[in-house]
Amino acid sequence: MIIKTCVDCGAVILSNNVTARRCPVCAERFAERVRKKYKNPPADPLTADVRKADAAGKSYGYWRLDELLKEQKAREELDNLIERNRKRKEHEQQQEKA
C-alpha cells in the first residue's frame, strides 16, 4: 500500500494503485464532472432514422418506404391544390371579361 495525498481535498489515502491521485469521494465527483462535460454527440441522421423505424416497429426499408409515400402524397395534394387555384383564377378572369 502506498500513502498518498488527494490532489483535490488534501486527505491522506492508502492506495494500491500507483497512479491514484484522488480519494474515492473526490474521484467520484471528478468522474461526474467529466461525464457532464463530455456528453455523447448527437446521432447522425441515418442513426436517427433507424431509431425512428425501430420505434415504429418496422424495418428501416419499410419505414423509409412509408415516409417516401407520405412525402409523395403531400406533394401530390399540394400540386392538386395549386392546379385548382389556377383553374379558379382563370375562371374568375373569364367571368370578369364577360
Side-chain angles (χ1 to χ4, degrees):
M1 296 277 253
I2 301 169
I3 299 174
K4 293 195 161 208
T5 305
C6 177
V7 294
D8 290 338
C9 67
V12 176
I13 56 172
L14 294 174
S15 176
N16 288 334
N17 187 352
V18 178
T19 61
R21 298 178 59 213
R22 293 177 174 84
C23 66
V25 174
C26 293
E28 185 60 35
R29 281 193 218 132
F30 180 76
E32 281 181 32
R33 285 192 311 238
V34 170
R35 270 184 252 133
K36 287 180 184 176
K37 185 176 181 182
Y38 300 106
K39 295 182 180 178
N40 290 336
D44 62 296
L46 177 62
T47 304
D49 284 350
V50 170
R51 288 178 182 165
K52 288 177 188 175
D54 189 40
K58 298 179 181 180
S59 70
Y60 174 74
Y62 283 113
W63 178 82
R64 192 70 189 135
L65 176 65
D66 288 346
E67 292 296 310
L68 289 174
L69 291 175
K70 286 178 191 175
E71 290 173 10
Q72 182 180 6
K73 185 177 179 181
R75 205 173 311 119
E76 288 173 355
E77 288 176 358
L78 182 62
D79 290 343
N80 290 338
L81 182 64
I82 292 170
E83 183 65 25
R84 276 188 274 145
N85 285 343
R86 187 183 59 76
K87 288 181 180 178
R88 184 178 53 82
K89 280 187 177 182
E90 287 176 358
H91 182 67
E92 288 175 357
Q93 288 175 354
Q94 288 177 358
Q95 291 291 335
E96 289 176 2
K97 288 180 182 178

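These numbers were taken from a predicted model, which means no experiment stands behind them.
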Return yes when atom CZ of R21 has more than 12 non-hydrogen atoms of other residues, nucleotides or ligands closer than 6.0 Å, and no otherwise.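 Not more than 12 within 6.0 Å, no.
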
With a 6.0 Å cut-off (strictly less than), is the heavy-atom count around OH of Y62, excluding the residue itself, greater than 12? no

Return the CD to CG distance between E76 and N80, rounded to the nearest 0.5 Å.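 It comes to 7.0 Å.
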
Among the clusters formed by ILVMFWY side chains lying less than 4.5 Å apart, do W63 and L46 turn up in the same one? yes

Going by the rule salt bridge (Lys or Arg N to Asp or Glu O under 4.0 Å), which residues pair with R33 if we only count those two or more places apart in sequence or in a different chain?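 By the salt bridge (Lys or Arg N to Asp or Glu O under 4.0 Å) rule, R33 matches no residue at all.
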
Give a yes or no on whether the backbone of S15 and the side-chain of K4 come within a donor-acceptor separation of less than 3.5 Å. no

Between K58 (side chain only) and K52 (backbone N and O only), is there a donor and an acceptor less than 3.5 Å apart?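 No; judged by distance alone, with no hydrogens or angles, the pair does not exist.
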
The test is salt bridge (Lys or Arg N to Asp or Glu O under 4.0 Å); show your working for K70 and E67 and say whether it passes. CA-CA 5 Å; K70 286 178 191 175; E67 292 296 310; 3.7 Å; yes

Could you check if a side-chain atom of [X] sits within less than 4.5 angstrom of a side-chain atom of [Y], using non-hydrogen atoms only?
X: M1; Y: N16; result: yes
X: I2; Y: L14; result: no
X: D79; Y: E83; result: no

What's the shortest heavy-atom distance between C9 and C23, and which atoms? SG-SG, 3.8 Å

Shortest non-hydrogen contact from G10 to T5? O-CG2, 3.5 Å

Check E28 with R35, please: is the shortest side-chain N to carboxylate O separation under 4.0 Å? yes

Under the side chain to side chain donor-acceptor pair (under 3.5 Å) rule, collect the residues that match up with R88, sequence neighbours excluded.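 Checked R88 against side chain to side chain donor-acceptor pair (under 3.5 Å); matches are E92.
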
Check step by step if side-chain contact (heavy atoms from CB on, under 4.5 Å) holds for K73 and L69. CA-CA 6 Å; K73 185 177 179 181; L69 291 175; over 6 Å; no

